[in-house]
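Read the numbers this way: they start at 1 and go in the same order the structure lists the ligands and their atoms. Below, all heavy atoms of this structure are taken into account, side chains as well, without hydrogens, waters or symmetry copies.
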Amino acid sequence: MGDRIQVNLTTDDIPKQWYNIIPDLPEPLPPPKDPEEGESRIKNLPNLMIGECLNQEFSKENWIDIPEELVQLYAHAGRPRPLFRATNLEKKLDTPAKLYYKSEFFSPTGSHKVNTAIAQCYYAKKQGFKRVTTETGAGQWGTALSYGASLAGLECTIYWVRAVYEWKQDRRTFMELLGAEVNASPSPKTDFGRKLLEKDKKHPGSLGIAISEGLEDSSKSPDAVYCLGSVLNHVLMHQTIIGLETKHQFEIFDDYPDIMISCLGGGSNFGGFVLPFVGDVLTKGKKIKFIAAQSKVAPNLQGEYKYDFADYAEITPLLKMYTLGHKIDMAPIRGDGLRYHGCSPIISLLRNLGYIDTIAYERDEKYVFEKSKLFINTEGWLPAPESAYSICCAIEEALKCKESGEKKTIAFNVSGHGFMDIPGYREVLEMK
Ligand SMILES: *Cc1c(COP(=O)(O)O)cnc(C)c1O
């Protein structure tokens, strides 16, 4: 036999605990803060969030047990997911580097976001809620939460930025097939939405507006709770299931990464993939270069490290993070999930301490999608537009190894599949 192409694990190997990096960080994580004026956002958090998620957000435990029923749900969602060696891509690039990729594209809804959606819905159900609400921009988070809610037996209400809702019909139908109620935002269902619609019947909406509607809906309905898909500590922790599996798989490959790469919007897939390895760097003296791949439309890791709101409407507490400012306007791109003004506080602190590198690619996405096409041609999987950024960066690093002759081990995460994003590929690559 030639080189091993993939390592998969069995359902018995699904991690039984999530990794919480907070106690291992070289400096304490700056806590959330209230703004100087207005009501306390922090005191209001228990009214907005699932209790167990709020506990996890501030936990000082290194390892948090994943309830047995939740491990079962992960199995239900097709975990574990294989780690592949990209031998065809290596040959095509003629690089001495070894390339490995984690296949979050096997997700039932198309992205890694199900890893936290399932957990949040499980805890919401346990706490007695009957319904979950959320906003969605690109649509991946809305689909993941619809799926999580369907597994947990919860109702699900989605507020979807109208501009996207109108052109992504297939994804809307997908959410509805999963049993969710999908509203174009601004919607007539909330006071905030009605006010905006009075002024403009065809208001295109924004992520900030959709968040405000999701929050208003859940706060007016005692049996509903709001869920968030990225940025927060507990979301990254749920996602560490990706990196924990990957670590186990590298043991079986008898290899270990020199470089780890993923795309970064709010930081959840990047964090989930790398944090268990960052733990090795912090506590075991390992050396790994971590690179977050971003768009020049939202290069939040190149922004300012300061306290800022996580949402446009200023409902959340202030978080210490790299941010472009919570009111910034970002141009549209196909890798829409990468358009967020701030980066998760955990990744931001690590970046500030020099553990994380970043690169941002041009807005027109042509270069990124060409690299993704090379991956499609050689490895055969169709990546989500966001994941194309991860692939692009990995290919660049592999080509650097070709120049230097170094045999580095490069691991990258493919956070989702692109089956619902083919029009984006067609447009950017100017195909007929
Ligand atoms: C949402 C999304 C991202 C970006 O979000 P993060 O929280 O930074 O991971 C990346 N890839 C896919 C496929 C997504 O759906």
Side-chain angles (χ1 to χ4, degrees), residues 81 101-117 120 134-148 160-161 164 168 171 174-175 207 227-243 260-275 290-295 297-301 310 321-323 330 333-348 351 356 358 360-361 365 368 372 381-393 412-421 424-425:
R81 308 208 192 287
Y101 58 97
K102 182 68 168 168
S103 55
E104 288 304 309
F105 51 76
F106 279 124
S107 154
T109 64
S111 84
H112 69 287
K113 291 192 175 80
V114 291
N115 300 329
T116 187
Q120 294 188 38
T134 200
E135 84 295 339
T136 194
Q140 287 276 22
W141 172 236
T143 321
L145 196 70
S146 304
Y147 171 78
W160 194 359
V161 179
V164 191
K168 285 200 181 175
R171 198 167 268 289
F174 191 2
M175 289 184 224
L207 206 53
C227 299
L228 250 176
S230 187
V231 181
L232 300 180
N233 303 341
H234 70 274
V235 176
L236 269 67
M237 189 189 75
H238 295 159
Q239 293 292 357
T240 58
I241 194 163
I242 304 173
M260 291 187 83
I261 296 164
S262 200
C263 60
L264 190 145
S268 73
N269 92 87
F270 179 84
F273 184 52
V274 308
L275 289 179
F290 301 102
I291 313 173
Q294 303 206 282
S295 164
V297 158
N300 54 43
L301 281 170
M321 58 185 180
Y322 277 94
T323 174
M330 288 169 277
I333 49 170
R334 292 296 175 164
D336 196 51
L338 302 182
R339 287 168 73 241
Y340 183 68
H341 68 272
C343 173
S344 112
I346 290 177
I347 306 297
S348 290
R351 159 100 174 132
I356 297 195
T358 183
Y361 295 105
E365 299 183 291
V368 170
S372 186
W381 304 103
L382 179 70
E386 293 83 3
S387 315
Y389 287 71
S390 172
I391 290 163
C392 179
C393 180
F412 57 104
N413 188 35
V414 182
S415 52
H417 72 58
F419 290 140
M420 309 200 91
D421 304 283
Y425 276 100

By ring-ring contact (aromatic ring centres under 6.0 Å, His included) - contacts of His341 (at least two apart): none
Ring center gap for Trp381 and Phe106 short of 6.0 angstrom: yes
Amino acids in close contact with ligand 1, where any non-hydrogen atom sits under 4.0 angstrom away: Ser111, His112, Lys113, Gln140, Ser230, Cys263, Leu264, Gly265, Gly266, Gly267, Ser268, Asn269, Gly337, Ala384, Glu386, Ser415, Gly416
Test ring-ring contact (aromatic ring centres under 6.0 Å, His included) applied to Phe412 - qualifying residues, sequence neighbours left out: Tyr101
Exam field: side chain Thr134 to backbone Cys227, donor-acceptor pair closer than 3.5 Å: yes
Non-neighbouring partners of Phe273 that pass ring-ring contact (aromatic ring centres under 6.0 Å, His included), sequence neighbours left out: none
Gap separating the CD1 atom of Ile291 from the CZ atom of Phe270, nearest 0.5 angstrom: 8.5 Å
